[in-house]
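The structure appears right after this line, and notes come after that.
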Amino acid sequence: MSLEDNKQLCRDYFKAFLERDEAWWQEHIAPTFVRHDPGLPFEVRGPEGIAQLHDALLPGFPDMDLELQDFVAEGEKVLVRLTIHATHTGTFGELEATGKRIDVAVLDLFQIRDGVLIEHWAQLDNLGMLHQLGALPA
């Protein structure tokens, strides 16, 4: 796959994530896929892990929009800079809905092999998000 193909695969990943497209996940996420995310209380592995991640996030932020800003590709890896925009209208972890809007900066590094996502490193501004939700003092 070309670097542009790898970038498109990442764009498609975000679309499939928001739509909970399990068929896409089965085709494009390796069973051994792992997401490294220090902000999560559980491990994300394979398509099933992506489903668990979706189900942990989207009920709390059902209007989630991902503003994809930059894609940088080299070899098997694609770095994506994006911003999450969402309204907290449902339970998120132990935090009941606040009705507050969030804008969270994200850097996602994906590793792709043979057209399949095999690994993902996620860095989110979780502290900023908790401040925006009022869960931490500003």
Side-chain angles (χ1 to χ4, degrees):
M1 289 182 65
S2 73
L3 296 179
E4 290 305 315
D5 290 337
N6 286 348
K7 289 178 187 179
Q8 187 59 51
L9 182 67
C10 292
R11 283 183 192 92
D12 295 344
Y13 164 81
F14 292 113
K15 182 177 186 281
F17 180 79
L18 289 176
E19 295 176 356
R20 203 178 197 292
D21 187 343
E22 293 184 53
W24 191 95
W25 297 342
Q26 290 297 326
E27 184 176 345
H28 299 286
I29 296 176
T32 56
F33 170 92
V34 62
R35 174 183 166 124
H36 307 278
D37 187 337
L40 289 178
F42 57 89
E43 185 175 67
V44 175
R45 288 200 171 271
E48 298 78 15
I50 297 298
Q52 182 182 6
L53 178 63
H54 176 278
D55 294 349
L57 296 177
L58 271 290
F61 304 95
D63 68 343
M64 183 181 292
D65 176 58
L66 303 176
E67 179 187 350
L68 306 177
Q69 295 155 322
D70 292 306
F71 289 78
V72 179
E74 183 176 326
E76 294 185 329
K77 294 188 175 159
V78 176
L79 178 65
V80 182
R81 183 176 70 89
L82 65 122
T83 302
I84 299 170
H85 304 287
T87 310
H88 183 219
T89 58
T91 302
F92 173 61
E94 296 180 14
L95 187 61
E96 293 297 321
T98 63
K100 295 182 178 183
R101 289 282 302 163
I102 61 166
D103 299 295
V104 180
V106 180
L107 287 175
D108 281 323
L109 179 64
F110 294 93
Q111 185 172 8
I112 300 161
R113 189 167 297 142
D114 300 322
V116 176
L117 296 169
I118 63 169
E119 203 155 2
H120 178 189
W121 294 264
Q123 295 294 315
L124 290 77
D125 180 12
N126 289 315
L127 188 59
M129 178 181 64
L130 291 172
H131 283 296
Q132 291 174 59
L133 292 173
L136 293 176

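Small disclaimer: the values here were computed from a predicted structure and weren't measured.
- For Trp24, the ring pair (Phe, Tyr, Trp, His ring centres under 6.0 Å) partners at least two apart in sequence or on another chain are His28.
- Here the CD-NE2 distance, from Glu96 to His88, works out to 8.0 Å after rounding to the nearest 0.5 Å.
- Partner Phe33 forms a side-chain contact (heavy atoms from CB on, under 4.5 Å) with one of Val44, Val116, Ile118 and no other, that one being Val44.
- Separation of atoms CG (Leu133) and CG (Leu95) is listed at 6.0 Å; rounding is to 0.5 Å.
- By the salt bridge (charged side-chain N to carboxylate O under 4.0 Å, His left out) test, Arg11 is found to be paired with no residue, residues two or more places apart in sequence or in another chain being considered.
- For His36, the ring pair (Phe, Tyr, Trp, His ring centres under 6.0 Å) criterion is met by Trp121, not counting sequence neighbours.
- Here the shortest heavy-atom pairing between Pro31 and Pro47 reads CA-CD, 4.1 Å.
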* Apply the test side-chain contact (heavy atoms from CB on, under 4.5 Å) to residues Arg35 and Leu53: give CA-CA distance (whole Å), side-chain angles for both, the deciding distance (0.1 Å), then the verdict. => CA-CA 10 Å; Arg35 174 183 166 124; Leu53 178 63; 3.4 Å; yes
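- Salt-bridge annotation for Glu74 and Lys77: absent, with no side-chain N of the basic residue lying under 4.0 Å from a carboxylate O of the acidic one.
- Counted within 6.0 Å of CG on Asp114, heavy atoms from surrounding residues, nucleotides or ligands total 12 or fewer; the atom is thus considered open.
- Considering Asp63, Asp103, Asp65 in turn, Asp103 is the only one that fulfils the side-chain hydrogen bond (donor to acceptor under 3.5 Å, both in side chains) rule with His85.
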* Please test Met64 against Leu57 for side-chain contact (heavy atoms from CB on, under 4.5 Å), starting from the C-alpha separation and ending with a verdict. => CA-CA 9 Å; Met64 183 181 292; Leu57 296 177; 4.3 Å; yes
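- Here the two rings, on Phe110 and Phe14, have centers that are under 6.0 Å apart.
- When each of Val78, Asp21, Ile29, Ile112 is checked for a side-chain contact (heavy atoms from CB on, under 4.5 Å) with Tyr13, only Ile29 meets the rule.
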